[in-house]
There are 2 protein chains.
Amino acid sequence: MIELEQLQHLITFQECETLSKAAKQLHISQPVLTRSMQKLEEELEVSLFTRTKNKISFNETGLLAASLASRLLEDTKDMKKQLQDFERKLHTFAIGSCAPAPLLYMGQKVSQYYPQKALLTEIKDMSILMKGLKEKDYIIIIMPYNIEDYDIESIPFMEEQLFFSLPLSHRFANRKSISLKEMDGERMLLMSNIGFWHEMHQRTMPHTKFIIQNDRSIFYDLVELSSLPSFTSDYVMKTETMPQNRHIIPIEDKEAKATFYCWYLKENEIKLKSLLYHL
Amino acid sequence: MIELEQLQHLITFQECETLSKAAKQLHISQPVLTRSMQKLEEELEVSLFTRTKNKISFNETGLLAASLASRLLEDTKDMKKQLQDFERKLHTFAIGSCAPAPLLYMGQKVSQYYPQKALLTEIKDMSILMKGLKEKDYIIIIMPYNIEDYDIESIPFMEEQLFFSLPLSHRFANRKSISLKEMDGERMLLMSNIGFWHEMHQRTMPHTKFIIQNDRSIFYDLVELSSLPSFTSDYVMKTETMPQNRHIIPIEDKEAKATFYCWYLKENEIKLKSLLYHL
DNA sequence: ATGACTTACGTCTAACGTAACAATG
DNA sequence: CATTGTTACGTTAGACGTAAGTCAT
């Protein structure tokens, strides 16, 4: 049987044009290459080179062999990579989500019930999540609506309600509730990477200038120190310390309340049962 | 670098289900297989099996690896075959022809001017010849008509005239010439594998019952011993001894005369120049 | 005379098989 | 206890590099 190493020798020889240079590049002695090429010809049962006493060069068959060898070596590299990717996927619990809060919640549950697995969490657009679920890039995705599908199971597992977080001096600071429209037109602080909420804010508050901050601690500093309104939610308030200098006002619109559903392929139900049981 | 031998071990193990049986089938000792599989895992940097103290079986990654390995081994076999075919082609002078006479003539010339090459000669339908020329299965094809083409050169090199070969007692035995139509309706002797002539006979003499013989010596015996009419040609009469008990009568129709053209790809002109010069 | 490839030769690695071991059913 | 897979160990084949040989520029 031919060896992949011989094929590697062949294409290195082609690149270097002489056996001597190829030997240097391969960190082997030059006679090894002579023998390697001789053996390759024997095993393929074809002649690959034209030889004179001190010159060896590719013949037509040799050129074809080199191009085929190159493809074959690529394929083996692909094979290795494919196997490694496959194995990593086997040991990774990948969740995609449309929003941060349910992702944090779900991430906790997963690391609790599947502690041996690596955890991969991503916030992505919903179209990408759908695609990723079907192509098994994610074992679970978190979506803000239900689905009826032959392959996909969908179960609700948490709700999130948004609030306005207003400085005490704000003109609405003492209201019982506010609508999104009423607040539209000011400047507001906003975290980045908040998934589908971002699209919701832009749609329902088109005249608002959002000052987007991607560092969470700086965001909290700004909430504390500036007089800019911002958003918060019931989930955030349960898990983080509440700002002292703020009034928290419920948002009236239905868009400010989301129910999150955990979607997974039905074929994975068994794998997921210990998690699903505890949601 | 992984070795193809290891991949062969892998799929043999999969077929045999235990290392021991696989070792027998591979004619190696069983510890060799243990080590081979361990090394394969190391080199791929993935785990392929689940092991207990005296049991080893494929895990999911291993199953994927086996299927990929199988494809890869197929590819190497294909590579070897492809190279051998290519080399054979390089050393073969392949001619396809629509008729036997020009093929004999051309074959002689080729073995004269390219004695180092193997000679492959075939009589085939003209559509197959065209295809074979374009796909380089033939370096030359012999056709009964001319062509004007960007890629193909065509040069006339011989003519062949058919005659009726009649027993002395035949009613037309003393004619100066005969038409095909006049002879239509009798039984006639015919060689098989005569290329496009066969189609011509059937078209121009639809009522004739042809008794087809594929052994040339038996054909000549029958010509000598039977009273059945047959065909011959100027080329055949030049190269073979003429039958004594026959009258040779020219055929009037233009279909009974062919001019043969040698077609080849223009890109091969240089390779063929010594032959073409002597046609 | 320098650099190319092949062949010859002595060394030593690493792959092999046997044997011993451990576990299962 | 028969069978399976892994580990230990001694042997040897074969792959390596050095050196020598031959040819070309």
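To find a chain, count down the sequence lines: A is the first, B the second, and so on, and within it residues start at 1.
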Which residues share a salt bridge (charged side-chain N to carboxylate O under 4.0 Å, His left out) with [X], sequence neighbours left out:
| X | answer |
| --- | --- |
| B/Arg216 | none |
| B/Glu41 | B/Arg51 |
| B/Glu45 | A/Lys80 |
| A/Asp85 | A/Lys81, A/Arg88 |

Rounded to whole Å, please give me the gap between [atom1] in [X] and [atom2] in [N].
| X | N | atom1 | atom2 | result |
| --- | --- | --- | --- | --- |
| A/Leu26 | D/dG17 | CG | C1' | 15 Å |
| A/Lys55 | D/dT22 | NZ | C1' | 16 Å |
| B/Glu43 | C/dA14 | CD | C1' | 13 Å |
| B/Arg51 | C/dA23 | CZ | P | 16 Å |
| A/Phe58 | C/dC5 | CZ | P | 11 Å |
| B/Phe49 | D/dG5 | CZ | C1' | 12 Å |
| A/Leu19 | C/dT7 | CG | P | 12 Å |

Considering residues at least two apart in sequence or located in another chain, which fulfil the side chain to side chain donor-acceptor pair (under 3.5 Å) criterion with A/Ser154?
A/Asn146, A/Trp263
Applying ring pair (Phe, Tyr, Trp, His ring centres under 6.0 Å) to B/Phe13 and not counting sequence neighbours gives B/Phe49, B/Phe58
Using a heavy-atom cut-off of under 4.0 Å over every strand shown, decide if B/Thr18 touches base, sugar-phosphate, or nothing.
sugar-phosphate
Restricting to nitrogen or oxygen on both sides, can you table the protein-nucleotides 20-22 of chain C pairs closer than 3.5 Å?
none

Parallel, tilted or perpendicular, judged at 30° and 60°: which one describes the rings of A/Trp197 and A/Phe260?
perpendicular
Just to confirm, is there a sub-4.0 Å distance from OP1 or OP2 of [N] to any side-chain nitrogen or oxygen of [X]?
| X | N | answer |
| --- | --- | --- |
| B/Thr34 | D/dT6 | yes |
| B/Ser20 | D/dG5 | yes |
| B/Gln38 | D/dT7 | yes |

What is the bend of the helix from C/dA1-D/dT25 to C/dG25-D/dC1 when you compare the axis at one end with the axis at the other, using five pairs each and rounding to 10°?
20°
D/dT4, D/dT6, C/dT6: which one has an atom nearest the side-chain heavy atoms of A/Ile56?
C/dT6
Closer to the 5' end of DNA chain D via nearest nucleotide, is it A/Gln30 or B/Gln30?
B/Gln30
Could you list the donor-acceptor pairs under 3.5 angstrom formed by side chains in residues 268-279 of chain B, with sequence neighbours left out?
from: B/Ser274; atom 1: OG; to: B/Tyr114; atom 2: OH; distance (Å): 3.2
from: B/His278; atom 1: ND1; to: B/Ser274; atom 2: O; distance (Å): 2.8

side-chain hydrogen bond (donor to acceptor under 3.5 Å, both in side chains) contacts in which one or both residues fall within residues 115-135 of chain A, not counting sequence neighbours
A/Glu122-A/Tyr138
Name the atoms and distances for all side-chain donor-acceptor pairs under 3.5 Å in residues 28-37 of chain A, with sequence neighbours left out.
from: A/Gln30; atom 1: NE2; to: A/Thr34; atom 2: OG1; distance (Å): 3.2
from: A/Ser36; atom 1: OG; to: A/His9; atom 2: ND1; distance (Å): 2.8

Return the polar atom pairs (N/O with N/O) between nucleotides 14-16 of chain D and the protein under 3.5 Å, or none.
from: D/dA15; atom 1: OP2; to: A/Lys39; atom 2: NZ; distance (Å): 3.0

Here the pair of heavy atoms bringing A/Ala99 nearest to A/Ser97 is O-OG, 2.7 Å
Let me know which of A/Lys89, A/Glu87, A/Gln84, A/Gln82 forms a side chain to side chain contact (heavy atoms under 4.5 Å, CB included) with B/Thr61.
A/Glu87
